[in-house]
Amino acid sequence: MALEVKICGVNTPETAAAVSKAGAQLAGLVFYPKSPRALTPAQAAQVAAAIAPGIAKVGLFVDPADAQLEAVLKAVPLDLLQLHGEETPQRLAAIKARFELPVMKVLKMARAADLDQVKAYAGVADRFLFDARPPKDRKDALPGGNAVAFDWRILAGKRFPKPWMLAGGLKPENLRQAVEISGATAVDASSGVESSPGVKDPEKIRAFLAAARAL
């Protein structure tokens, strides 16, 4: 089974073209204003237009209001909503019902007990994304995209009721180890394929996809 790859924080048409050419299955567009990868709906429309057909367009939101979701979806044809905040299962259900799109809930990991969250969301989330908890000692820490990994052994040998992705500090150099330890069949990279925060590196994107294919 081929490893499924999502490149997140795609924020220019040039990066969208690089992600498409490299062969990613999903491209993430960030709608969290504090992120260096953030897009306005108008910017996202231009970026989305450069993503090749067949690549799923994922919108990353952090505790979004309905008005924000409406504004983005009016401009951008998203395929999947990634919820990266403190959204409750009830909020996920409301978003799914209103916008009729699948939802991927991000669960932040630091210790094995964090997997207890899965049960609460399993009945409503269509997918899970396991990411590292933001570092407490960093004032600039974001909900995700902090170039920080968690202990992949937390996931080793586990089975989950919904498909899931691994995120957090993934880069071409550690992808094989991350997949072999965690058992992930889908991965998400953002900071690990950048030359600086918010600036994607086409060569690192190619290297990440090449590493994924080698698995």
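We count residues from 1, following the sequence as given.
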Task: Evaluation steps, side-chain contact (heavy atoms from CB on, under 4.5 Å), between L209 and V5 - done: CA-CA 7 Å; L209 268 295; V5 175; 3.9 Å; yes
Task: Worked check of salt bridge (charged side-chain N to carboxylate O under 4.0 Å, His left out) between R127 and E4 - done: CA-CA 13 Å; R127 301 183 71 153; E4 187 179 42; 2.7 Å; yes
- [ ] Report the C-alpha separation of R91 and D66 in whole Å, then their side-chain angles, then the decisive distance to 0.1 Å, and conclude whether the salt bridge (charged side-chain N to carboxylate O under 4.0 Å, His left out) test is met.
- [x] CA-CA 10 Å; R91 179 61 179 146; D66 283 356; 2.8 Å; yes
Task: Evaluation steps, salt bridge (charged side-chain N to carboxylate O under 4.0 Å, His left out), between R37 and E194 - done: CA-CA 11 Å; R37 307 165 187 96; E194 291 180 339; 2.7 Å; yes
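From S195, atom OG reaches atom NZ of K200 across 9.5 Å, with rounding to the nearest 0.5 Å. If you take CG on L155 and CZ on R153, they are separated by 12.0 Å, rounding to the nearest 0.5 Å. To the nearest 0.5 Å, atoms CG (D63) and CG (L83) are separated by 8.5 Å.
The stretch residues 159-201 participates, sequence neighbours left out, in these ring pair (Phe, Tyr, Trp, His ring centres under 6.0 Å) pairs: F130-F160, F130-W164, F160-W164.
Here the shortest heavy-atom pairing between A71 and P41 reads O-CB, 3.9 Å. Between P64 and E87, the closest heavy-atom pair is CD-OE2, 3.6 Å. In this structure, G169 and N174 approach most closely via the heavy-atom pair O-ND2, 3.0 Å.
Listed by chain and residue number, R176 satisfy the salt bridge (Lys or Arg N to Asp or Glu O under 4.0 Å) test with E180 (two or more places apart in sequence, or in another chain).
Crowding of K171 atom NZ: a count of heavy atoms from other residues, nucleotides or ligands under 6.0 Å not exceeding 12. Within 6.0 Å of the NZ atom in K21, the count of heavy atoms belonging to other residues, nucleotides or ligands does not exceed 12.
The shortest side-chain heavy-atom distance between L115 and L107 does not fall under the 4.5 Å cut-off. By the 4.5 Å heavy-atom criterion applied to side chains, D79 and V58 are not counted as neighbours.
A cation-pi geometry, defined here as NZ or CZ lying under 6.0 Å from the six-membered ring centre and within 45° of its normal, does not hold between K105 and F128.
K108 contributes a side-chain N or O that, together with a main-chain N or O of H84, makes up a donor-acceptor pair within less than 3.5 Å.
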